[in-house]
Amino acid sequence: MSNFNIPSELTVIHHPLFEDKKVKVAVKRDDLIHPEISGNKWRKLNLNVEKFKQGNYDAILSFGGAFSNHIAALASLSKEMNIPTIGIIRGDELNETSNDTLKKAKANGMELVFVSREKYQYRYEKWYWADLRNEFGNVLIIEEGGANYLGVLGCARIMNEFEKQPDYVIAPMGTGTTVAGLTFQADQTKVIGVPAFKNSESLLEEIKQLLMYCGLSEEDIAEKINALHIENRFHFGRYGKVTPELIDFVNEFYQVTQLKLDLIYTGKMMYTFFKLLNEDFFPIGSEIILIHTGGMQGNQAFSSSLHF
């Protein structure tokens, strides 16, 4: 994949609060991996695509909502690598022109299949996968958001790109796959996950399950989970919920650092980080790396409110 910027850039950022709290802060710029297949989307798809190329599959099939970054990235990847893809989209009231994400996925060659929300709930059931293979042939099925063990191992490679592991790594959370990968590979580093949605209590169990898929013992998983902190206080109400406070924070952060954040994931992550800093969560001298997971297409709906 010669068109991908790997390893991604590590950018030291400066802010008066960092100096006040005496911490060193850098951002892992996974958003710069590729213009359209950036961040944790590429990390989670990379090894799955390798599996597709090594097998005798007809296409890649995966699942997502109407604005899914994962679906958008998979469709772009399929165009770049000439791989047939099928997207099972939640919401049978939708169509291929319902929004820019779906229009772009269709333009990139993805076959879009719209199913009811009731049927979409079966996306993890093996009998449903068998039905999909009966309908679409010998497809490689990738879980929603790339949340499988290959996705975890792809995200684990982030830790290997640091010259030395920092004291803390912070990442936003959707499916939990990226945080599972960081946790899997972390040695002395404490991992902090920031969910983008309310009622995220199930994420811990999902991460445990993903770590089990990666072959860790119960004892190893317990040790890894003990070093993981999920900070779920600042979700702003629900997934995709954006408030004037969050928009103001993202704009002000850009004015100081010249770093653009998306409002759905990385904006909430950075907001949470600042809250933890102000609460003196991090010891003096801590080295902290935040993972910019891309997803900037999520800002399209709020472009008139963003000053960058």
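Hydrogens, waters and symmetry mates are skipped; everything else that's a heavy atom, side chains included, is used.
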- Item | Worked check of salt bridge (charged side-chain N to carboxylate O under 4.0 Å, His left out) between K104 and E36 | CA-CA 11 Å; K104 185 70 178 294; E36 295 183 2; 2.9 Å; yes
- Using only heavy-atom distances, determine whether the side chains of H70 and S62 contain a donor-acceptor pair under 3.5 Å. yes
- Query: Between I221 and M212, is any pair of side-chain heavy atoms under 4.5 Å apart?
  - Reply: yes
- Do K22 side-chain atoms and I284 backbone N/O form a donor-acceptor pair below 3.5 Å? no
- Query: Does any N or O in the side chain of N95 come within less than 3.5 Å of the main-chain N or O of S98, such that one atom is a donor and the other an acceptor?
  - Reply: yes
- Task: Give me the ring orientation class for F249 and F253: parallel if the planes are under 30° apart, tilted from 30 to 60°, perpendicular past 60°.
- Result: parallel
- Single-linkage hydrophobic cluster, 4.5 Å side-chain cutoff, F136 and M110 together: no
- Query: Going by the angle between their ring planes, with limits at 30° and 60°, are F273 and F18 parallel, tilted or perpendicular?
  - Reply: tilted
- Query: Got I289 and L10 here, is their nearest side-chain heavy-atom distance under 4.5 Å?
  - Reply: yes
- Message: Are I33 and L259 linked, directly or through intermediate hydrophobic residues, by side-chain heavy-atom contacts shorter than 4.5 Å (ILVMFWY only)?
- Response: no
- Message: Show, in sequence, the C-alpha distance, side-chain angles and deciding distance for I225 and L228, and conclude whether the side chain to side chain contact (heavy atoms under 4.5 Å, CB included) test is met.
- Response: CA-CA 5 Å; I225 293 298; L228 170 64; 4.2 Å; yes
- Are K275 and E231 close enough for a salt bridge, meaning some N to O gap below 4.0 Å? no
- Task: Please answer: with hydrophobic residues joined when any side-chain heavy atoms are less than 4.5 Å apart, are L150 and Y57 in the same cluster?
- Result: no
- Message: Quick one about D30 and S8 (side-chain donor to acceptor, distance below 3.5 Å, no hydrogens or angles considered), yes or no?
- Response: yes
- Message: More than 12 heavy atoms of other residues, nucleotides or ligands under 6.0 Å from CD of E219: yes or no?
- Response: no
- Nearest-0.5 Å distance that lies between atom CG in L246 and atom CZ in F236: 4.5 Å
- What is the distance from atom CD of Q188 to atom CD of Q165, rounded to the nearest 0.5 Å? 8.0 Å
- Query: Do K268 side-chain atoms and V194 backbone N/O form a donor-acceptor pair below 3.5 Å?
  - Reply: no
- Which atoms form the tightest heavy-atom contact between T177 and G151, and what is the distance? CG2-C, 3.7 Å
- Take atom CG of N160 as the centre, draw a 6.0 Å sphere, and report whether it contains more than 12 heavy atoms from other residues, nucleotides or ligands. yes
- Backbone of V12 reached by a side-chain donor or acceptor of K24 within 3.5 Å: no
- State, yes or no, whether a side-chain contact exists between V115 and D92 at a heavy-atom distance under 4.5 Å. no
- Query: Would one find more than 12 heavy atoms of other residues, nucleotides or ligands at under 6.0 Å from atom NZ of K190?
  - Reply: yes
- Message: Measuring from atom CD of Q209 to atom CG of L204, what distance do you get when rounded to the nearest 0.5 angstrom?
- Response: 12.0 Å
- Message: Donor-acceptor check, side chain of N232 to backbone of P195, threshold 3.5 angstrom: yes or no?
- Response: no
- Note on the structure: Minimal heavy-atom distance between V152 and C214, with the atoms involved, is CG1-SG, 3.6 Å
- Treat each ILVMFWY residue as a node, draw an edge where side-chain heavy atoms are under 4.5 Å apart, and state whether L61 and L112 are in one component. no
- Message: Applying side chain to side chain contact (heavy atoms under 4.5 Å, CB included) to V23 and Y168, what does each step give before you reach the verdict?
- Response: CA-CA 11 Å; V23 295; Y168 296 87; over 6 Å; no
- Query: Are any side-chain N or O atoms of N251 and backbone N or O atoms of S305, one a donor and one an acceptor, separated by less than 3.5 Å?
  - Reply: yes
- Is T189 reaching over with its side chain to a backbone N or O of P166, donor-acceptor style, under 3.5 angstrom? yes
- Would you say the side chain of F184 lies within less than 4.5 Å of the side chain of L153, judging by non-hydrogen atoms? yes
- Message: If hydrophobic clusters are built by linking Ile, Leu, Val, Met, Phe, Trp and Tyr wherever their side-chain heavy atoms come under 4.5 Å apart, do I291 and I6 end up in the same one?
- Response: no
- Note on the structure: When rounded to the nearest 0.5 Å, the distance separating CD1 of I37 from NZ of K41 is 12.0 Å
- Item | Any donor-acceptor N/O pair, N108 side chain to S78 backbone, under 3.5 Å | no
- Query: Is any side-chain heavy atom of F308 closer than 4.5 Å to a side-chain heavy atom of N299?
  - Reply: yes
- E96 and F114: which non-hydrogen atoms are nearest, and at how many Å? N-CZ, 3.6 Å
- Hey, mind stepping through K164 and E287 against salt bridge (charged side-chain N to carboxylate O under 4.0 Å, His left out) and telling me if it holds? CA-CA 10 Å; K164 69 182 184 71; E287 295 184 357; 2.7 Å; yes
- Taking the six-membered ring where the residue is Trp, are the ring centres of Y239 and Y265 under 6.0 Å apart? yes
- Query: So, D31 versus S38: side-chain donor-acceptor pair below 3.5 Å or not?
  - Reply: no
- Note on the structure: When rounded to the nearest 0.5 Å, the distance separating CG of L210 from CG of L216 is 11.0 Å
- Task: In sequence, state the C-alpha distance, the side-chain angles, and the governing distance for D280 and K21, and then conclude on salt bridge (charged side-chain N to carboxylate O under 4.0 Å, His left out).
- Result: CA-CA 8 Å; D280 294 322; K21 298 300 182 179; 2.9 Å; yes
- Item | Close side-chain approach of H292 and L261, heavy atoms under 4.5 Å | yes
- Item | side-chain contact (heavy atoms from CB on, under 4.5 Å) partner of I60, chosen from I86, I141, L45, L74 | L74
- Task: Mark yes or no: R90 above the aromatic ring of Y120, with NZ or CZ under 6.0 Å from the six-membered ring centre and no more than 45 degrees from the axis.
- Result: yes
- Task: Give me the ring orientation class for Y122 and Y128: parallel if the planes are under 30° apart, tilted from 30 to 60°, perpendicular past 60°.
- Result: perpendicular
- When you measure from the side chain of N99 to the backbone N and O of L102, does any donor-acceptor pair fall under 3.5 Å? yes
- Would E9 and T11 satisfy side chain to side chain donor-acceptor pair (under 3.5 Å), going step by step from the backbone distance to the final call? CA-CA 6 Å; E9 176 183 323; T11 302; 2.7 Å; yes
- Task: For the pair Y254 and H307, evaluate side chain to side chain contact (heavy atoms under 4.5 Å, CB included) and give the outcome as yes or no after the intermediate values.
- Result: CA-CA 8 Å; Y254 173 74; H307 304 153; 5.9 Å; no
- Task: Take K119 and E125 through the test salt bridge (charged side-chain N to carboxylate O under 4.0 Å, His left out) and record every step on the way to the result.
- Result: CA-CA 11 Å; K119 190 171 186 179; E125 301 294 339; over 6 Å; no
- Is F197 close to L203 at the side-chain level, that is, under 4.5 Å between some pair of heavy atoms? yes
- Task: Apply the test side chain to side chain contact (heavy atoms under 4.5 Å, CB included) to residues L276 and E279: give CA-CA distance (whole Å), side-chain angles for both, the deciding distance (0.1 Å), then the verdict.
- Result: CA-CA 5 Å; L276 292 175; E279 293 171 0; 3.9 Å; yes
- Message: With rounding to the nearest 0.5 angstrom, report the CD1 to OG1 distance, I264 to T293.
- Response: 11.5 Å
- Message: Looking at every non-hydrogen atom in both residues, tell me the closest pair between L182 and C155 and how far apart they are.
- Response: CD2-O, 4.3 Å
- Does the side chain of L17 reach to within under 4.5 Å of the side chain of F274, using non-hydrogen atoms? yes
- Message: Using a 3.5 Å distance criterion without hydrogens, assess whether the side chain of N46 forms a donor-acceptor pair with backbone atoms of W42.
- Response: no
